[in-house]
Amino acid sequence: ENSEFRVFEAPKPAPKNDVDIDTRHAQLAPARKSVEISGKFQKVPLLKIAYGRSGDKGDVANIGIAARDPSFYPFILKTVTPEVVASYLKHLVSGPVERYELAGTHSINLVCCRALGGGGAASLRIDRQAKTYAQLLLSMEVDVPVELLPPCRGGLLLSGCLVGKRLVS
């Protein structure tokens, strides 16, 4: 017997879980009840209805935007278009902007070309890796039905939240 070689057993597969991801997610974060849209819209920062992350690959910035609630996703698709993003970030992005929908995640990925002044070490910009681009985009105002706006919390009266039936602007 050679002590240099050891035999290891392969790990046993984990027991099968009968709960699928969608059901588990629904238990953790239940979807909103259906609401009737009155046609009244309020401009709010995208941050009110979405999360964002961003990064780079060379001279290309990637911005991921995910809906805070599935009911916000249609309004994100309607308002966060490649044309709107290109216009909002025109001081940073000189190339085309493409949008990709990420099925089942209520999120989108925005690919902004020629966005980093050459990228990495070639760039003279302060943010060479596009780490702040998502936060910048989240400050853009979008139209959201007033029925879907979140209630104000913690006594803070922030623009775009509801206090009872009164909208704080």
Side-chain angles (χ1 to χ4, degrees), residues 21-22 24-26 28-32 35 37 39-163 167-169:
I21 290 173
D22 292 332
R24 187 175 63 219
H25 176 71
L28 296 174
R32 289 180 186 221
V35 294
I37 305 299
K40 294 180 183 176
F41 288 81
Q42 173 71 27
K43 283 197 177 298
V44 297
L46 183 57
L47 178 63
K48 285 275 187 196
I49 65 168
Y51 302 102
R53 293 282 306 227
S54 55
D56 74 302
K57 281 293 176 210
D59 196 19
V60 176
N62 282 292
I63 304 171
I65 300 294
R68 290 182 181 268
D69 184 275
S71 62
F72 294 137
Y73 188 60
F75 302 99
I76 291 172
L77 289 179
K78 183 178 176 184
T79 58
V80 185
T81 64
E83 297 79 20
V84 168
V85 172
S87 175
Y88 194 73
L89 299 177
K90 66 184 171 196
H91 61 291
L92 296 171
V93 178
S94 59
V97 175
E98 296 177 24
R99 183 179 78 178
Y100 298 92
E101 296 178 30
L102 306 176
T105 65
H106 306 292
S107 59
I108 58 175
N109 184 40
L110 298 154
V111 178
C112 307
C113 298
R114 294 192 309 277
L116 298 166
S123 178
L124 297 176
R125 293 189 180 178
I126 291 173
D127 183 7
R128 300 175 218 194
Q129 284 88 29
K131 299 299 182 190
T132 62
Y133 282 37
Q135 197 63 38
L136 178 60
L137 190 59
L138 289 172
S139 68
M140 180 177 75
E141 290 194 330
V142 295
D143 289 320
V144 179
V146 294
E147 293 84 3
L148 296 180
L149 292 174
C152 294
R153 295 189 185 142
L156 297 175
L157 297 180
L158 302 174
S159 176
C161 62
L162 294 175
V163 177
L167 182 67
V168 177
S169 56

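Worth knowing before you read on, the calculation uses all heavy atoms, side chains too, and leaves out hydrogens, waters and symmetry mates. The structure presented is a predicted model; accordingly, all values stated were derived computationally and were not measured.
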Minimum heavy-atom distance between [X] and [Y], given as atom pair plus value:
| X | Y | answer |
| --- | --- | --- |
| Pro74 | Ser71 | CD-O, 3.5 Å |
| Tyr88 | Leu137 | CD2-CD1, 4.1 Å |
| Gly52 | Leu138 | N-CD1, 3.7 Å |

- [ ] Could I get the full list of ring-ring contact (aromatic ring centres under 6.0 Å, His included) partners for Tyr73, not counting sequence neighbours?
- [x] His106
Do [X] and [Y] have side chains that get closer than 4.5 Å, going by heavy atoms?
| X | Y | value |
| --- | --- | --- |
| Leu46 | Ile76 | yes |
| Leu148 | Phe72 | yes |
| Ile65 | Leu110 | yes |
| Ile49 | Arg68 | no |
| Leu116 | Tyr133 | yes |
| Val97 | Thr81 | no |

Task: Which residues share a side chain to side chain donor-acceptor pair (under 3.5 Å) with Gln135, sequence neighbours left out - done: none
Task: Under 3.5 Å donor-acceptor, Ser139 side chain and Leu136 backbone - done: yes
Task: Donor-acceptor contact below 3.5 Å, side chain Ser54 vs main chain Asn62 - done: no
Task: Spatial distance of atom CD (Gln42) from atom CD (Glu141) [nearest 0.5 Å] - done: 8.5 Å
- [ ] Sequence neighbours left out, what passes side-chain contact (heavy atoms from CB on, under 4.5 Å) with Arg53? Give chain and number order.
- [x] none
Task: Non-neighbouring partners of Thr105 that pass side-chain contact (heavy atoms from CB on, under 4.5 Å), sequence neighbours left out - done: Leu102, Ser107
Open item on the list: According to salt bridge (Lys or Arg N to Asp or Glu O under 4.0 Å), does anything in residues 72-90 pair up with another residue at least two apart or in another chain? List the pairs.
Closed with: none
Task: Which residues share a salt bridge (charged side-chain N to carboxylate O under 4.0 Å, His left out) with Glu101, sequence neighbours left out - done: Arg99
